[in-house]
S.K.: 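Quick one: structure below, then a few questions.
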Amino acid sequence: VARWEHKTRALSRVFGSPHAACYCLGAVILMLNCVRSHCFTEAMKSQPKMEGLDCHWAYYLGLAILAVGTLFVISSFLALGFTGTFLGDYFGILMEAKVTHFPFSVLDNPMYWGSTAVYLGWSLMHASPAGLLLTAVVAISYTIAMLYEGPFTEEIYQQKQKGAKNK
């Protein structure tokens with residue numbers, strides 16, 4: 001959807017501005033995330049627990065991983081803002097400069113890896129083999145997204161730099 005918007009600016013026209021379109025897409029992404037998290041939790045609850053993980057150390061390890069993941073997700077959001085988080089650059093809403101401070105100073109794509117860590121922690125806390133499998137699916141999906149999103153975002157900002165040099 002974001003690449004289609006970048007190419008056509010169709011959502012920006014429909015919503016009257018790139019900001020309104022980005023906020024609407026962001027709202028849809030947030031709602032879909034809620035649905036995904038609910039389905040993830042329901043899948044874990046409906047499946048048997050793994051006896052080897054149904055203990056205090058796994059629970060507390062999961063809690064720690066969940067906390068670190070939440071830190072990365074929240075700090076990423078605070079560093080990028082709403083439009084930076086929800087593909088604003090595809091709508092032509094560009095940041096002044098690449099964010100390099102925490103959490104980006106620690107890890108590339110901290111939002112994706114933080115979200116994956118949240119699911120991993122949640123799975124360990126529930127001693128859920130189904131949750132661990134679904135976490136792997138999330139990690140693979142995010143890895144594929146990063147392979148496409150990273151180079152495309154770099155291209156958008158290279159175009160911005162070329163445009164600034166030509167002025």
Side-chain angles (χ1 to χ4, degrees), residues 1-41 43 64-124 131-167:
V1 171
R3 280 191 182 213
W4 173 72
E5 167 62 18
H6 185 264
K7 187 176 184 178
T8 67
R9 299 292 187 224
L11 290 175
S12 293
R13 285 194 306 274
V14 167
F15 286 98
S17 79
H19 281 84
C22 183
Y23 277 96
C24 287
L25 178 61
V28 168
I29 292 169
L30 284 170
M31 285 188 288
L32 291 172
N33 182 52
C34 290
V35 170
R36 177 184 62 188
S37 295
H38 172 74
C39 291
F40 188 98
T41 301
I65 292 170
L66 185 139
V68 170
T70 301
L71 174 68
F72 279 118
V73 169
I74 291 172
S75 60
S76 296
F77 181 81
L78 293 174
L80 296 172
F82 191 92
T83 57
T85 299
F86 293 106
L87 305 167
D89 40 7
Y90 290 70
F91 290 83
I93 306 166
L94 304 177
M95 312 257 324
E96 289 298 316
K98 184 176 181 175
V99 177
T100 57
H101 58 80
F102 185 83
F104 296 89
S105 60
V106 175
L107 176 67
D108 284 334
N109 302 295
M111 181 74 72
Y112 287 139
W113 294 121
S115 179
T116 302
V118 166
Y119 286 114
L120 175 60
W122 195 238
S123 298
L124 290 172
L132 294 173
L133 179 63
L134 291 171
T135 299
V137 171
V138 167
I140 290 166
S141 299
Y142 282 157
T143 300
I144 292 168
M146 287 183 270
L147 291 173
Y148 287 95
E149 188 177 306
F152 195 73
T153 302
E154 290 292 326
E155 182 181 321
I156 290 170
Y157 281 92
Q158 286 175 357
Q159 290 173 0
K160 176 188 175 187
Q161 282 182 330
K162 286 179 186 175
K165 288 180 184 177
N166 291 336
K167 286 184 178 183

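Computed from heavy atoms alone, side chains included, the values below leave out hydrogens, waters and symmetry copies.
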S.K.: Between Ser17 and Ala20, what is the shortest heavy-atom contact and its length?
M.R.: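 Here Ser17 and Ala20 meet closest at OG-N, 3.0 Å.
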
S.K.: Do Arg3 and Phe152 come within less than 4.5 Å of each other through their side chains, counting heavy atoms only?
M.R.: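 Yes; the side chains approach each other to less than 4.5 Å.
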
S.K.: May I ask you to check whether Phe86 and Phe82 place their ring centers less than 6.0 Å from one another?
M.R.: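 Distance test on ring centres: under 6.0 Å, yes.
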
S.K.: For Thr85, what residues pass the side chain to side chain donor-acceptor pair (under 3.5 Å) criterion, not counting sequence neighbours?
M.R.: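 With neighbours one apart ignored, the set is empty.
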
S.K.: If you apply the rule side-chain contact (heavy atoms from CB on, under 4.5 Å), what do you find for Ser115 with Arg36, and how did you get there?
M.R.: CA-CA 12 Å; Ser115 179; Arg36 177 184 62 188; 3.9 Å; yes

S.K.: Mind checking whether Ser37 and Tyr119 have side chains closer than 4.5 Å, heavy atoms only?
M.R.: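 Answer yes - side chains close enough.
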
S.K.: Locate the shortest heavy-atom distance separating Val118 from Gly69; write the atom from each residue and the value.
M.R.: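 Looking at all heavy atoms of both residues, the closest pair is CG2-C, 3.7 Å.
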
S.K.: Any luck finding a side-chain donor-acceptor pair between Thr116 and Tyr142 under 3.5 Å?
M.R.: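 The answer is no; no qualifying pair exists.
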
S.K.: Measuring from atom CZ of Phe102 to atom OG of Ser76, what distance do you get when rounded to the nearest 0.5 angstrom?
M.R.: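 The distance works out to 8.0 Å.
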
S.K.: Phe40 and Thr135: side-chain contact (heavy atoms from CB on, under 4.5 Å), yes or no, with the steps?
M.R.: CA-CA 9 Å; Phe40 188 98; Thr135 299; 3.5 Å; yes

S.K.: Decide side-chain contact (heavy atoms from CB on, under 4.5 Å) for Thr153 and Leu87; before the verdict, give the C-alpha distance in whole Å, the side-chain angles of both, and the deciding distance to 0.1 Å.
M.R.: CA-CA 9 Å; Thr153 302; Leu87 305 167; over 6 Å; no

S.K.: Is there a side-chain contact (heavy atoms from CB on, under 4.5 Å) between Trp122 and Ile65 once you walk through the steps?
M.R.: CA-CA 8 Å; Trp122 195 238; Ile65 292 170; over 6 Å; no

S.K.: Can you tell if the side chain of Leu11 reaches within under 4.5 Å of the side chain of Val1, non-hydrogen atoms only?
M.R.: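 They are in side-chain contact.
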
S.K.: Got Cys22 and Thr83 here, is their nearest side-chain heavy-atom distance under 4.5 Å?
M.R.: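 The answer is yes, as the side chains (C-beta and beyond) meet within the 4.5 Å cut-off.
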
S.K.: How far does CD1 of Ile74 sit from CG of Leu78, to the nearest 0.5 angstrom?
M.R.: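 Ile74 atom CD1 to Leu78 atom CG measures 7.5 Å (nearest 0.5 Å).
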
S.K.: Are any of the side-chain heavy atoms of Tyr90 and Glu149 separated by less than 4.5 Å?
M.R.: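 The answer is yes; the side chains approach within 4.5 Å.
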
S.K.: Please report the closest heavy-atom contact between Pro103 and Phe72, naming both atoms and the distance.
M.R.: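 Scanning both residues, the minimum pair turns out to be CB-CD2, 3.4 Å.
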
S.K.: Which heavy atom of Asn109 sits nearest a heavy atom of Met146, and at what distance?
M.R.: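 Looking at all heavy atoms of both residues, the shortest contact is ND2-SD, 3.1 Å.
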
S.K.: May I ask you to check whether Phe91 and His19 place their ring centres under 6.0 Å from each other?
M.R.: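 Distance test on ring centres: not under 6.0 Å, no.
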
S.K.: Which heavy atom of Gly114 sits nearest a heavy atom of Val73, and at what distance?
M.R.: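 The pair with the smallest heavy-atom distance is C-CG2, 3.5 Å.
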
S.K.: Atom OG of Ser12 and atom CD1 of Ile93: how far apart are they, to the nearest 0.5 Å?
M.R.: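 Ser12 atom OG to Ile93 atom CD1 measures 7.0 Å (nearest 0.5 Å).
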
S.K.: Distance alone, cut at 3.5 Å: any donor-acceptor contact between the side chains of Tyr112 and Thr143?
M.R.: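 Side chains of Tyr112 and Thr143: no pair found under 3.5 Å.
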
S.K.: Could you tell me whether the side chain of Arg13 and the main chain of Thr8 form a donor-acceptor pair under 3.5 Å?
M.R.: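 Answer holds: yes.
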
S.K.: Nearest 0.5 Å please: distance from the CD1 atom of Ile156 over to the CE atom of Met95.
M.R.: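 CE of Met95 is found 13.5 Å from CD1 of Ile156.
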
S.K.: In a check of side chain to side chain contact (heavy atoms under 4.5 Å, CB included) between Ile140 and each of Val138, Val137, Ile144, which one passes?
M.R.: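 It is Ile144; the other options fail the test.
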
S.K.: Are the side chain of Ser123 and the backbone of Gly131 linked by a donor-acceptor contact shorter than 3.5 Å?
M.R.: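 Between the backbone of Gly131 and the side chain of Ser123 there is a qualifying donor-acceptor contact (under 3.5 Å).
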
S.K.: Considering only heavy atoms from C-beta outward, does the side chain of Phe104 approach that of Met111 to under 4.5 Å?
M.R.: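 No; the side chains remain at least 4.5 Å from each other.
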
